[in-house]
Amino acid sequence: MGNASILELNVDSSLEVYYGETFGSEDLKLLEVDEPILQEILDRGVVIRGGLNDEAVLCTSSRTYAIKFVMSSNTILIMPPPSSHGSSASGEELDTKSETGGKRTASAMAAATGHLELVEVAPNFEKLKSLLSERLYGEDTDSMDVEESTSGLYTWDDLLEKLQLSEKELQEGLKSLAAVQVGGFWRLVDKKYMHCVFELILLNAMQHDWSLQGLKEKEVVSALMADGYSAQIVIHCLATYGQRVSLAFEAGIASNGSYDLDSHVWELNERHVCLHYANQLLSSASRWRVDDFVDAWQQNLPSGVQASLDMLKGKILIEKLGSDSWLYPFSVANLPSNPAERFAALFRERPRWEWEDLEPYISDLRAPGKSVDALLLKYTRRTQPTAETPPIFTAR
Amino acid sequence: MQIQVRCECGISECREWALLELQGVLEIQPSAQHLPLNAFSIGSLCRSQQEKYYFTIGYHELEGKKVSLKKPMLVLQKVLREDPIDVESSPVVLSTQYPTQVQKTSELKAIGIIRHKILFKTRPKALISSSVK
């Protein structure tokens with residue numbers, strides 16, 4: 001081990017550079033980082049994730065980076081600091097003419113052929129979706145008391161082990177998929193089943209004259225449990241299509257006047273209620289004259305709920321044929337998440353898009369370091385015939 | 001698969017390392033190839049003025065300077081850890097005279113931070129003895 005640092009070499013002095021004792025047998029790598037990643041590695045560490053066939057990624061607690069090796073044609077000697085402070089040359093002013101022994105030395109621990117660099121990547125949720133789709137939670141699951149095998153079921157730790165996502169991104173992904181944790185396993189609920197439970201909640205609300213802004217969890221759960229639905233799924237449905245409201249004082253008081261702390265109250269999100277009925281109409285007929293649709297839609301909605309076509313942005317497209325306007329389903333959820341593929345799919349559907357129509361279909365795109373404008377610049381051609389007409393986007 | 005990357009030095013104690021970077025390849029003379037590597041020095045490094053460094057390797061002299069890296073680098077060392085497998089999680093345990101079962105995991109340990117290097121990128125000067133008899 002050397003006794004001096006090459007960085008602390010004073011002017012007009014020298015040291016001898018040696019091969020270190022373990023030179024050639026050390027497995028050292030150089031990793032280029034920025035200050036935030038450096039701090040996180042020093043504080044609590046980060047994780048490299050990947051399967052045998054994946055390109056390895058480095059995950060901090062919130063982001064994911066592809067790891068690339070940058071080769072160098074230079075000889076790069078890795079120089080550790082002196083082994084112990086006591087014997088370092090700092091403080092001593094030995095120059096090359098000194099007669100007292102103790103020549104300054106530094107040793108190279110290894111030679112690097114390049115370094116690793118990190119490139120931020122967008123989180124990939126496709127694999128998460130496919131893992132959770134292996135065993136969808138559906139009607140059959142709810143009626144079973146205990147599920148026998150756990151194959152195809154994944155806990156939070158299992159998911160981190162198998163996916164290339166940071167913890168924060170995994171949380172985001174689970175939330176955007178409306179996944180629910182049941183018995184320690186993260187589950188995707190079958191869409192049809194979710195709609196079914198939601199429909200039942202709405203029917204019960206109408207029957208019992210419950211307010212959609214103040215649904216009492218206890219009442220909803222017991223009504224649906226009577227029909228064989230598990231409490232967990234009912235609550236998950238309430239959480240997916242609405243939110244808990246702060247405990248209303250009246251709701252908290254039970255019939256005998258005592259304060260009921262267990263009484264959670266839920267408010268359903270108006271847009272989700274409207275979407276639920278819109279989806280029902282769209283599955284019964286895929287093309288609607290807009291006026292007919294709006295009438296049927298409003299008619300089906302519970303009283304007090306107001307629908308508007310704006311709620312369907314990103315789910316339907318409207319086209320004019322003659323004097324009529326027609327709408328049909330076209331959902332952003334069914335489109336690819338990769339920007340290049342997304343734009344290709346959009347331009348296959350329509351060669352020309354106005355910004356207002358295009359925006360809901362690209363607002364969820366993620367490309368690290370690229371803004372929406374940058375994506376538009378890369379994948380579209382923008383034309384604006386006159387200053388008054390809105391700009392039109394076509395394929396590049 | 002997951003590989004942990006962490007530093008066990010303590011936040012203020014992860015020491016600063018350095019790089020010596022030069023163009024070309026270091027070669028051991030045939031006459032010395034049978035000797036262990038750490039028996040000899042690579043060369044002499046000296047700092048002449050505030051910003052100038054000279055590295056003399058064999059009969060070549062390289063001129064270089066200290067450069068700050070645009071982004072810091074970490075020196076990572078691959079470590080193979082052997083942890084005893086958590087026996088409690090297994091309902092049936094085999095009791096034998098052989099040593100405890102271990103689980104081998106790979107880890108990357110950050111052992112140093114690099115913020116500067118001494119870079120030699122000019123053409124080497126050949127030092128030839130001036131005395132010719």
Side-chain angles (χ1 to χ4, degrees), chain A residues 5-7 9-24 26-35 38-39 41-52 56 58-59 72-81 96 105-112 115-117 160-161, chain B residues 1-7 9-12 14-26 36-50 52-57 66 69-79 108 110-121:
Chain A
S5 161
I6 63 173
L7 296 176
L9 200 53
N10 291 314
V11 176
D12 284 336
S13 48
S14 70
L15 56 75
E16 207 61 24
V17 180
Y18 282 85
Y19 284 109
E21 284 187 357
T22 52
F23 193 98
E26 285 284 357
D27 192 356
L28 296 184
K29 298 197 196 306
L30 295 175
L31 175 68
E32 186 186 57
V33 291
D34 59 27
E35 291 294 339
L38 173 62
Q39 232 8 82
I41 293 178
L42 297 179
D43 289 346
R44 55 194 135 116
V46 297
V47 187
I48 292 179
R49 298 191 164 113
L52 293 170
L58 184 142
C59 300
S72 169
S73 55
N74 290 349
T75 294
I76 305 171
L77 298 173
I78 301 178
M79 314 293 302
T96 49
T105 63
S107 67
M109 195 166 174
H115 67 273
L116 297 167
E117 72 175 21
L160 278 180
E161 179 76 33
Chain B
M1 193 171 66
Q2 300 189 80
I3 299 176
Q4 298 288 332
V5 180
R6 45 181 164 217
C7 184
C9 315
I11 297 170
S12 52
C14 195
R15 301 182 69 197
E16 189 172 346
W17 289 37
L19 296 177
L20 256 183
E21 187 170 338
L22 38 117
Q23 291 172 337
V25 176
L26 296 173
L37 260 187
N38 50 56
F40 24 76
S41 78
I42 299 173
S44 285
L45 178 70
C46 86
R47 185 177 179 190
S48 73
Q49 295 162 33
Q50 198 67 18
K52 277 208 172 96
Y53 288 80
Y54 290 96
F55 197 13
T56 307
I57 303 174
K66 184 159 103 169
L69 298 184
K70 277 191 303 257
K71 282 191 187 177
M73 286 208 211
L74 280 174
V75 183
L76 300 179
Q77 186 178 46
K78 192 160 172 192
V79 168
L108 285 172
I111 55 180
I113 305 176
I114 302 175
R115 295 188 188 273
H116 307 280
K117 64 182 178 187
I118 302 185
L119 175 64
F120 298 91
K121 56 179 185 182

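Looking at A:Ile6 and B:Tyr53, their side chains never come closer than 4.5 Å, going by heavy atoms from C-beta outward. Looking at heavy atoms from C-beta onward, A:Leu31 lies out of side-chain contact with B:Leu108 at the 4.5 angstrom threshold. Side-chain contact between B:Val75 and A:Leu30 is present, with at least one heavy-atom pair separated by less than 4.5 Å.
Summarising the geometry, atom CD belonging to A:Glu117 is positioned 9.5 Å from atom CE belonging to B:Met73; distances are rounded to the nearest 0.5 Å. A distance of 7.0 Å separates OG in B:Ser48 from CG in A:Asp12, rounded to the nearest 0.5 Å. Note that the CG atom of B:Leu74 and the CG atom of A:Leu116 stand 11.0 Å from one another [nearest 0.5 Å]. Here the CD1-CZ distance, from B:Ile3 to A:Arg49, works out to 11.5 Å after rounding to the nearest 0.5 Å. In this structure, the separation between CG on A:Leu38 and CZ on B:Arg115 is 6.0 Å, given to the nearest 0.5 Å. Taken from CG in B:Leu45 to CG in A:Leu9, the straight-line distance is 5.5 Å, to the nearest 0.5 Å.
Heavy-atom pairs under 4.5 Å with chain A peak, among B:Gln4, B:Lys70, B:Gln77, B:Arg6, at B:Gln77. Ranked by heavy-atom pairs shorter than 4.5 Å toward chain A, the options B:Leu119, B:Leu20, B:Val79 are led by B:Leu20. Counting heavy-atom pairs closer than 4.5 Å to chain B, the top residue among A:Ile76, A:Val17, A:Val47 is A:Val17. In terms of heavy-atom pairs under 4.5 Å with chain B, the best-connected choice from A:Gly50, A:Ala108, A:Gly24 is A:Gly50. Of the listed residues (A:Ile41, A:Leu52, A:Leu7, A:Val33), the one with the most heavy-atom contacts under 4.5 Å to chain B is A:Val33. Your options are B:Ala110, B:Gly24, B:Pro72, B:Gly112, and the one with the most heavy-atom pairs under 4.5 Å with chain A is B:Pro72.
Neither the backbone nor the side chain of B:Phe120 has a heavy atom closer than 4.5 Å to any heavy atom of chain A. Interface remark: B:Lys71 contributes backbone and side-chain atoms alike to the contact with chain A (heavy atom separation under 4.5 Å).
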TODO: Give the intermediate values and the outcome of side chain to side chain contact (heavy atoms under 4.5 Å, CB included) for residues B:Leu26 and A:Tyr19.
DONE: CA-CA 11 Å; B:Leu26 296 173; A:Tyr19 284 109; 3.9 Å; yes
Open item on the list: Assess the residue pair A:Leu28 and B:Ile111 against the criterion (side chain to side chain contact (heavy atoms under 4.5 Å, CB included)); give the C-alpha distance rounded to whole Å, side-chain angles, the decisive distance to 0.1 Å, and a yes or no.
Closed with: CA-CA 10 Å; A:Leu28 296 184; B:Ile111 55 180; 3.9 Å; yes
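Between B:Trp17 and A:Met109, the closest heavy-atom pair is CH2-SD, 3.4 Å. Contact between B:Gly43 and A:Glu16 at its shortest, heavy atoms only, is O-OE2, 3.5 Å.
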